[in-house]
Each structure stands twice: as C-alpha cells, then as structure tokens.
Amino acid sequence: MTTACKSCAFFETAAAKIDHAGLCRFNPPVFLTEEEKRGVWPVVSDTDWCGHFSDEPTKH
Ligand code: SF4
C-alpha cells in the first residue's frame with residue numbers, strides 16, 4: 001500500500017470536485033480566515049500524505 005492521501009481512509013473525492021485532489025476528513029472543518037461563516041474540509045492532493053495516514057479509520 002502506498003502512503004498517499006488517495007489510499008488513506010480519511011480521503012474523500014466526491015465533494016472536492018478538483019482533479020487529483022480530495023478532502024481530508026481526519027479533523028473537523030476549519031476556518032481559514034476570521035471572516036468566514038462556516039468551516040471547510042482541508043483540500044489535499046491525492047499524492048500528498050501526512051503522519052495521520054491510515055488504511056483503516058480506526059487506526060491512527
Ligand atoms: S492529509 Fe493525512 S489524514 Fe488526511 S487524507 Fe492525507 S494522509 Fe490521510
């Protein structure tokens with residue numbers, strides 16, 4: 001298994017609507033500026049990765 005967001009249990013492409021990218025659902029939505037009224041899921045590249053990578057949602 002490749003350690004990359006596209007293989008991670010927390011990666012979701014359906015709502016991202018961006019080529020070669022998806023949403024990381026490891027943490028709750030975040031606010032990027034103080035003016036924003038609602039948080040957003042972080043967008044990550046499908047070839048990116050982080051230390052929370054997991055092939056199962058319960059393993060991290
Ligand atoms: S940023 Fe980390 S937790 Fe989020 S999808 Fe990529 S590897 Fe998984």
Side-chain angles (χ1 to χ4, degrees):
M1 163 117 4
T2 303
T3 302
C5 291
K6 64 184 173 189
S7 303
C8 180
F10 300 104
F11 185 68
E12 195 235 331
T13 58
K17 300 178 181 169
I18 303 170
D19 288 344
H20 307 293
L23 306 181
C24 175
R25 300 234 182 224
F26 182 81
N27 287 310
V30 295
F31 294 89
L32 301 178
T33 66
E34 290 185 16
E35 292 76 31
E36 288 183 320
K37 300 282 189 251
R38 59 184 283 214
V40 295
W41 296 99
V43 176
V44 293
S45 165
D46 59 6
T47 56
D48 210 340
W49 64 278
C50 84
H52 297 299
F53 173 85
S54 175
D55 54 2
E56 296 177 32
T58 56
K59 277 188 2 188
H60 58 270

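Everything numeric in this text was worked out from a predicted model, so none of it was measured. Position 1 is the first residue of the sequence, and the numbers go up from there.
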Checklist outcome for this item: Note: with side-chain heavy atoms under 4.5 Å as the link, the other cluster members for F11 come out as V44
Under 3.5 Å, sequence neighbours excluded: what are the donor-acceptor pairs made by side chains of residues 13-30?
| residue | atom | partner | partner atom | Å |
| --- | --- | --- | --- | --- |
| R25 | NE | E12 | OE1 | 2.9 |
| R25 | NH2 | E12 | OE1 | 2.5 |

Next on the checklist: So, taking the atom named CG in D55 and the one named OG1 in T2, what distance separates them when rounded to the nearest 0.5 Å?
Outcome noted: 11.5 Å
Item to check | Those residues that, when tested against A9, pass side chain to side chain contact (heavy atoms under 4.5 Å, CB included) (two or more places apart) | outcome: P57
Checklist outcome for this item: Separation between CZ (F10) and SG (C5), nearest 0.5 Å, reads 11.5 Å
Checklist outcome for this item: Residue pairs meeting side-chain hydrogen bond (donor to acceptor under 3.5 Å, both in side chains), one or both in residues 37-49, sequence neighbours left out, come to S45-T47
Checklist outcome for this item: Taking every heavy atom of E36 against every heavy atom of L32, the minimum-distance pair comes out as OE1-N, 2.6 Å
